[in-house]
Amino acid sequence: MKHDKRNITAMVMGMVIGAALVSEAAAGIVAEPTWQKIYVDGRQVSMTAYNIAGNNFVRLRDIGQQVGFNVYWSDGVQIDTDAPYTGVAPVQEVNSQPTDMEIREEMIRCINEVRKKHGVPELTVNQSLMDAAQKCSARLYTQHNNRAECETVAASGYPHGFGSNLTVFTAAAPERISEKAVANWENSPGHLATMIDPNCDTVGVGVTIDNGRAFCYLFVGNPAAHNPYA
């Protein structure tokens, strides 16, 4: 059935005013059940009503149920004329955006997918490289700083040489950051060569989102290489 929201709003306001009058019952005004017929859009409905000082009053939730809007308690009486009656507060949606660690884990998965596609072994996660990549990412570099990267890797506890990739782009959707970063590296011959280097066996990645941009680092560890700043 269709209802004019203006009429619903007016009726609800009347019930709110009525609620204030009901409070006077405690001061000696008697509320008596009334058996008068109640109609909604010409159809008789069943609602418990009370006569107070010559006026009829019904519960807001009963009106909501019969007319078709929600009434519930949530830090006060809430009336939602756009929702069907349930009598309970709607479930709040949980933020489904991925965490930074979930983005990094997905990035590693995507990197290993590219390596499999090119016939080289998957990389295993190295915590020292993970820590170093995240520290470099947090510095918001927009271009490589070779010495700082090498010193950060050494200070984080990885004793060997490594390959490094960096990409920076607008992070319109957090759930697409991993895919975008790996695609950027895959579409660049030099970055792809680093990502699929068969001499590398470990990986660490870092992601920092700042002012709408994603700063993404990839470190791939090479046990046969030397870190010149270690």
Side-chain angles (χ1 to χ4, degrees), residues 91-230:
V91 177
Q92 298 297 319
E93 292 185 4
V94 178
N95 186 353
S96 60
Q97 290 190 345
T99 64
D100 288 352
M101 182 53 70
E102 289 172 335
I103 293 173
R104 295 167 74 191
E105 291 172 349
E106 176 63 13
M107 187 180 296
I108 293 170
R109 189 194 68 78
C110 292
I111 290 166
N112 278 327
E113 284 295 318
V114 174
R115 287 180 65 89
K116 286 196 306 183
K117 187 164 61 175
H118 288 268
V120 293
E122 294 186 10
L123 303 168
T124 59
V125 175
N126 180 280
Q127 190 58 51
S128 294
L129 291 177
M130 289 287 284
D131 292 343
Q134 187 59 33
K135 289 175 183 176
C136 288
S137 171
R139 293 170 188 161
L140 309 182
Y141 291 144
T142 57
Q143 60 184 11
H144 283 285
N145 187 321
N146 186 57
R147 178 164 186 160
E149 293 171 7
C150 290
E151 290 177 343
T152 302
V153 167
S156 297
Y158 186 76
H160 309 298
F162 62 98
S164 173
N165 280 351
L166 168 64
T167 183
V168 180
F169 52 88
T170 301
E175 64 273 15
R176 300 293 301 274
I177 288 176
S178 302
E179 177 186 344
K180 175 68 173 176
V182 175
N184 286 352
W185 293 328
E186 188 175 14
N187 292 327
S188 168
H191 290 89
L192 176 61
T194 298
M195 189 163 53
I196 64 173
D197 186 344
N199 297 314
C200 295
D201 60 1
T202 53
V203 64
V205 296
V207 175
T208 298
I209 304 172
D210 181 81
N211 198 28
R213 293 197 297 171
F215 298 77
C216 305
Y217 255 103
L218 163 66
F219 289 155
V220 283
N222 184 343
H226 172 67
N227 184 337
Y229 294 100

Salt bridge (Lys or Arg N to Asp or Glu O under 4.0 Å) pairs, two or more places apart, involving [range]:
range: residues 130-144; value: none
range: residues 151-162; value: R147-E151
range: residues 115-126; value: E113-K116, K116-E122, K117-E186
range: residues 196-223; value: none

N126 side chain to T202 side chain, donor-acceptor N/O pair below 3.5 angstrom: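 Judged by distance alone, the side chains do not pair up.
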Looking at [X] and [Y], what are the two nearest heavy atoms and their distance?
X: P198; Y: V120; value: CB-CG1, 4.0 Å
X: R104; Y: V207; value: CG-CG2, 3.9 Å
X: S164; Y: E149; value: OG-OE1, 3.1 Å
X: Q134; Y: G206; value: OE1-CA, 3.2 Å
X: M195; Y: V114; value: CE-CG1, 3.8 Å

Worked verdict on I108 versus L123 for side chain to side chain contact (heavy atoms under 4.5 Å, CB included): CA-CA 8 Å; I108 293 170; L123 303 168; over 6 Å; no
Side-chain donor/acceptor of N165 to backbone N/O of L218, under 3.5 Å: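 Such a contact is absent between N165 side chain and L218 backbone.
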S137 side chain to A133 backbone, donor-acceptor under 3.5 Å: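 No: the side chain of S137 does not pair with the backbone of A133.
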Interatomic distance, N112 atom CG to M107 atom CE [nearest 0.5 angstrom]: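 Reported value, rounded in 0.5 Å steps: 12.5 Å.
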T124 and V203: CA distance, side-chain angles, deciding distance, side chain to side chain contact (heavy atoms under 4.5 Å, CB included) verdict: CA-CA 6 Å; T124 59; V203 64; over 6 Å; no
Any residue meeting salt bridge (Lys or Arg N to Asp or Glu O under 4.0 Å) with R109, in chain and number order, not counting sequence neighbours: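 Applying salt bridge (Lys or Arg N to Asp or Glu O under 4.0 Å) to R109 gives E106.
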Going by the rule side-chain hydrogen bond (donor to acceptor under 3.5 Å, both in side chains), which residues pair with [X] if we only count those two or more places apart in sequence or in a different chain?
X: S128; answer: none
X: N145; answer: none
X: E105; answer: none
X: S178; answer: none

Criterion side chain to side chain contact (heavy atoms under 4.5 Å, CB included) on V125 and M130, from CA distance to verdict: CA-CA 7 Å; V125 175; M130 289 287 284; 3.6 Å; yes
Greater than 12 external heavy atoms within 6.0 Å of N187's CG: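 More than 12 heavy atoms, drawn from other residues, nucleotides or ligands, come within 6.0 Å of this atom.
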Qualifying ring-ring contact (aromatic ring centres under 6.0 Å, His included) pairs with a residue from residues 135-159, counting only residues at least two apart or across chains: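 As it turns out, the ring-ring contact (aromatic ring centres under 6.0 Å, His included) pairs with a partner in residues 135-159, which skip direct neighbours, are Y158-H160.
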Residue pairs passing the ring-ring contact (aromatic ring centres under 6.0 Å, His included) test where at least one lies in residues 208-230, sequence neighbours excluded: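 Sorted result for residues 208-230: F162-F219, Y217-F219.
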Listed partners of A225 passing side-chain contact (heavy atoms from CB on, under 4.5 Å), at least two apart: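 By the side-chain contact (heavy atoms from CB on, under 4.5 Å) rule, A225 matches N222.
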